[in-house]
There are 2 protein chains.
Amino acid sequence: MKKIFKALDDPTRRKILDLLKDSDLTAGEVADHFDMRKPSVSYHLDLLKQAELVVSVKKGQYVYYSLSTSVLEDIVTWLMGLKDSEAPSSDQAMSD
Amino acid sequence: MKKIFKALDDPTRRKILDLLKDSDLTAGEVADHFDMRKPSVSYHLDLLKQAELVVSVKKGQYVYYSLSTSVLEDIVTWLMGLKDSEAPSSDQAMSD
DNA sequence: TATATATTTAGATAATTATCTAACTATTGA
DNA sequence: TCAATAGTTAGATAATTATCTAAATATATA
């Protein structure tokens, strides 16, 4: 969870996720959407990968990135848990 | 959304939200749950307040904090939007 | 009124993060 | 084989963030 929250706390990374929502993209194609050097975009892609929000597949000289949103389950569950405070509090340590 | 993602990207603040899920607390009571000085906790409470994830009410010399999760709607909607648009590519077809 | 308690504000500092340039690896194709 | 292209890694730096101590504000109470 820690890494996912961190990954989501950045406008560039959130925009990358939105882009990948529409279609898989190479690292270069992702970079084309930003006014930023490629190594910086690579850095953001790496953080998204660490959070397991994206996966990458190398095809020849290209690296394709695509969304992988199964890890969002936990976060959505936690957020919904905040919303109905009357729920039985199975107090697991997601906060750390 | 920016401020909400920022507010959520910290273990102390996430734990504060979990605490407030169970009951409203004064700033001091919140601080008691952490190995951290009161001004630091006050700082975190302020960020949560800026994100409108908590509200505070002063009663005498105490300040009570409570959860205010309506702003989570947007985030949950956005997250679910990412999930829904999964797999535009060569992945497995959905089973019927 | 004076003192204690609860909380926040101000200012300093250490830690973390995002960005850059330069250099490196891997792959393609002439 | 060599040059071009795609992408990442390394190292430096600026910006942001989390923490602390000291001081300020507000309230309660003896």
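- Here the P atom of nucleotide dT8(D) and the CD atom of Gln50(A) are 13 Å apart, to the nearest Å.
- In this structure, the side chains of Asp24(B) and Val57(B) stay at 4.5 Å or more apart for every pair of heavy atoms.
- Residues Trp78(A) and Asp18(B) form a side-chain contact, since some pair of their non-hydrogen atoms from C-beta on lies under 4.5 Å apart.
- We find that NZ of Lys58(A) is positioned 12 Å from C1' of dT5(D), with the value rounded to whole Å.
- Along DNA chain C, the nucleotide nearest Ala27(B) and the nucleotide nearest Thr12(A) are compared for position; the residue whose nucleotide lies closer to the 5' end is Ala27(B).
- Expressed to the nearest 0.5 Å, how far OG of Ser70(A) lies from CD of Glu52(A) amounts to 7.5 Å.
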> After noting the C-alpha distance and the side-chain angles of Met1(B) and Ile75(B), does the key distance pass the side-chain contact (heavy atoms from CB on, under 4.5 Å) rule?
Replying inline: CA-CA 7 Å; Met1(B) 294 256 283; Ile75(B) 283 200; 3.8 Å; yes
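- Looking at heavy-atom distances under 4.0 Å, Tyr65(B) makes contact with sugar-phosphate atoms alone, never a base.
- Atom CD of Gln61(A) is separated from atom P of dG7(D) by 8 Å (rounded to the nearest Å).
- Residues Met80(B) and Leu19(A) share a single hydrophobic cluster, defined by chaining ILVMFWY side chains whose heavy atoms lie under 4.5 Å apart.
- Rounded to a whole Å, the CG atom of Leu25(A) is 15 Å from the P atom of dA6(D).
- With a heavy-atom cut-off of 4.0 Å to chain A, the contacted part of DNA chain C has its first and last nucleotide at dT17(C) to dT28(C).
- Shown for residues 39-48 of chain A: residues whose heavy atoms fall under 4.0 angstrom of DNA chain D, namely Pro39(A), Ser42(A).
- Within the 4.5 Å cutoff, side-chain heavy atoms of Leu82(B) are placed close to those of Leu72(A).
- If you take CG on Leu48(A) and CD1 on Ile4(A), they are separated by 11.0 Å, rounding to the nearest 0.5 Å.
- Contact check for His44(A) versus Met36(A): side-chain heavy atoms found under the 4.5 Å cut-off.
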